[in-house]
Undergrad: 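I have a structure here, written as structure tokens, and I will follow up with some questions on it.
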Amino acid sequence: MLKNIIDKLNRSTIKKILTYIFILIFFTIFSSIGSTQSESDNLKNDMAVILKSRQGMETIIAYMSTKPDLFTSHATDRTIVLTPDQSQEVRDLWARFLDYQLMLDITWNRLKSKQPAVLKPKDERAFVAAYAAFLSAYRYALDFIGLVDYDKTLRIVLNEPVSELGLPKGSYANFKFHFLNVSIAAEFASLSAAYKMHIKNNSIPELSGVIRKDEDAIWQAGKDDGILNTLRNAGQITQDKAASLLFPAQKGVAEWMGDTRVLYGKKFLVAADQISLIERRILPGDILLERREWYLSNIGLPGYWPHAGIYVGAESERDKFFDTQEVRDWVISQGIKDGKFESLLKTRYPAAQKSNLQKDENGDALQILEAVSEGVIFSSIKHSANADSVAVLRPNLSRLEIAMAILKGFEYYGRPYDFDFDFRTDNSIVCTELVYKSFGADTNRKGLNLPLTTVIGRPVLTPNNLIRYFDETYDSKDRPFDFVLFLDGNIKTGKAKEGNVKDLRNSWKRPKWHILKGK
């Protein structure tokens with residue numbers, strides 16, 4: 001009888017046990033694949049951050065080296081007196097340089113946490129990426145210090161608070177201590193030895209070349225009578241202790257940020273009903289500003305706001321909006337007998353007008369003209385406003401002036417993106433350059449006199465400075481912009497709330513990576 005019970009139990013349970021095993025194996029394999037894919041995506045993002053940050057710092061150092069009147073790599077007794085423009089340029093370079101350093105520091109510390117035994121790396125590819133991040137930060141920090149530290153005036157300017165990154169007074173002293181401390185030199189030697197002993201398979205070929213270059217530069221800095229030895233011997237490092245991380249604001253978020261770059265972006269903070277709110281309030285000629293958290297494209301761009309576009313509306317909307325006597329008379333003066341603005345667009349820029357009349361893959365009208373990495377294109381408002389924070393400004397201009405600006409904007413359709421951020425040329429365009437040149441004053445119109453600043457020797461208007469200009473001119477009699485809307489995203493609540501004009505006016509003052517500290 002007992003045998004019959006066991007046989008019955010076996011027969012009834014074997015199938016279940018096999019089923020459970022199959023399910024367990026399936027989910028184990030599935031989870032493994034998902035984990036591998038996530039790690040692979042993370043590594044790709046890490047590589048992109050490292051290479052972009054390294055290239056950005058290389059550009060800054062190269063530019064600084066062309067200005068010996070401002071930056072010197074030789075010991076000198078001089079103390080220069082900076083003009084206001086020079087002081088601003090030094091601060092802008094410093095903020096941009098620290099932005100790249102911050103990204104590398106986060107990448108390095110996040111990957112380092114996965115390597116409990118540095119001298120015998122657990123994950124070869126993660127170790128290579130971590131080492132590349134460490135080297136790039138170290139190598140270009142030495143270059144930067146070597147170009148600014150010989151002059152007392154520059155040290156004073158650099159030790160002022162870096163509001164764009166939320167760093168307090170004395171940030172340069174902390175930065176210098178971190179990179180001229182014996183502990184980082186010892187860490188470099190240890191990592192270099194581990195790299196040579198254990199990394200034999202060229203795990204990440206995209207990084208092997210830059211690793212070699214940065215290693216050589218750091219070893220050379222230790223041999224020469226350069227900044228590395230001069231400052232250490234002179235006792236100029238005044239900070240009394242080093243933080244475990246270079247940027248205190250990022251403590252506790254390194255791992256979160258690494259995941260966020262991959263997973264975040266599938267869901268943004270501005271909700272669908274809020275995009276509908278934008279659609280109800282926005283008018284042709286309005287300027288749309290967007291912010292998406294943790295996007296790679298944000299790195300190196302100064303300030304809280306990274307992108308702007310022009311709302312040109314759909315054909316039917318323009319027909320109604322520009323149906324005024326003033327606009328009709330102007331259109332007729334341009335040789336268009338029917339006096340319709342749409343006829344002028346079609347005659348002057350047929351390719352752009354035809355593209356604007358198309359729908360996107362979701363069937364949405366293309367109402368935003370913007371310069372993105374693909375070039376100057378038309379996008380739907382649902383696509384452009386699918387962000388974490390969105391603001392809308394209305395130029396305080398007549399409908400005729402708005403029509404002239406949109407016509408000018410259509411001229412730039414199809415031009416490539418200006419990766420050099422140089423407003424002096426028209427052959428390629430960056431986002432706020434499109435705004436600046438579309439609305440700029442000329443002999444035929446009042447337009448907007450938007451202020452330019454100098455970044456790495458080039459005149460530019462950044463999206464953040466556009467909001468700053470809005471703030472600084474808002475109380476003036478002839479203010480250039482009116483407030484339309486501000487959807488203010490907050491990661492902690494997972495939502496974007498509708499802000500007021502005061503909130504928007506103050507937004508340009510926020511630290512660029514404000515989420516590191518919280519709002």
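Sequence positions, counted from 1, serve as the residue numbers for this chain.
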Undergrad: Of the non-hydrogen atoms in Ile211 and Tyr131, which two are nearest, and what is the gap between them?
TA: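 Smallest heavy-atom distance, with atoms named: CG2-CE2, 3.8 Å.
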
Undergrad: Any salt bridge linking Glu215 with Arg212? Criterion: basic side-chain nitrogen under 4.0 Å from a carboxylate oxygen.
TA: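 No salt bridge links Glu215 with Arg212.
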
Undergrad: Before giving the answer on side chain to side chain contact (heavy atoms under 4.5 Å, CB included), spell out for Ile278 and Tyr311 the whole-Å C-alpha distance, their side-chain angles and the decisive distance to 0.1 Å.
TA: CA-CA 11 Å; Ile278 298 173; Tyr311 182 77; over 6 Å; no

Undergrad: One thing to verify: whether Asp388 and Arg292 come together as a salt bridge, which I'm taking to mean a side-chain N less than 4.0 angstrom from a carboxylate O.
TA: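 Salt bridge flag = no for Asp388 with Arg292.
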
Undergrad: Are side-chain N/O atoms of Gln220 and Asp216 paired as donor and acceptor at under 3.5 Å?
TA: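 There is no such pair (donor and acceptor under 3.5 Å, judged by atom type) between the side chains of Gln220 and Asp216.
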
Undergrad: Going by heavy atoms in the side chains, are Lys176 and Arg155 under 4.5 Å from each other?
TA: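 Counting from C-beta outward, Lys176 and Arg155 do come under 4.5 Å.
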
Undergrad: Is a side-chain donor-acceptor pair under 3.5 Å present for Asn427 with Thr425?
TA: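 Asn427 and Thr425 do have a side-chain donor-acceptor pair below 3.5 Å.
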
Undergrad: Do NZ/NE/NH1/NH2 and the carboxylate oxygens of Arg125 and Asp46 come within less than 4.0 Å?
TA: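 No.
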
Undergrad: Would Asn181 and Ser183 count as a side-chain hydrogen bond (donor to acceptor under 3.5 Å, both in side chains) here? Give the steps.
TA: CA-CA 5 Å; Asn181 193 285; Ser183 61; 2.9 Å; yes

Undergrad: Can you name the closest pair of heavy atoms from Ala137 and Leu104 and give their distance?
TA: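 Heavy-atom minimum between the residues: N-CD1, 3.7 Å.
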
Undergrad: Yes or no on side chain to side chain contact (heavy atoms under 4.5 Å, CB included) for Leu407 and Arg348, after CA distance, side-chain angles and deciding distance?
TA: CA-CA 9 Å; Leu407 180 68; Arg348 192 75 60 86; 3.9 Å; yes

Undergrad: Go through it in stages, so that I can follow the logic: the residues are Asn356 and Leu345, the test is side chain to side chain contact (heavy atoms under 4.5 Å, CB included), and I'd like the CA-CA distance, side-chain angles, deciding distance and then a yes or no.
TA: CA-CA 10 Å; Asn356 174 241; Leu345 286 177; 6.0 Å; no

Undergrad: Is the closest side-chain donor-acceptor distance between Glu374 and Tyr417 under 3.5 Å?
TA: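 No - no donor-acceptor pair under 3.5 Å links their side chains.
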
Undergrad: Return the minimal non-hydrogen interatomic distance between Asn444 and Met404, and the atom names on each side.
TA: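 That would be O-CE, 4.0 Å.
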
Undergrad: Where do Ala141 and Phe175 come nearest, in terms of heavy atoms and distance?
TA: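 Here Ala141 and Phe175 meet closest at CB-CZ, 3.5 Å.
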
Undergrad: What's the spacing between Asp503 CG and Phe486 CZ if we round to 0.5 Å?
TA: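 Result: 6.5 Å between the selected atoms.
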
Undergrad: Quick one: closest heavy-atom pair of Cys431 and Ala308, and the distance?
TA: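 That closest heavy-atom pairing would be CB-O, 3.4 Å.
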
Undergrad: Salt bridge or not between Arg54 and Asp214? Use side-chain N to carboxylate O under 4.0 Å.
TA: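 A salt bridge links Arg54 with Asp214.
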
Undergrad: Before accepting this row, confirm whether a basic side-chain N of the pair Asp488/Arg510 lies closer than 4.0 Å to the acidic partner's carboxylate O.
TA: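 Between Arg510 and Asp488 there is a salt bridge, with a charged N closer than 4.0 Å to a carboxylate O.
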
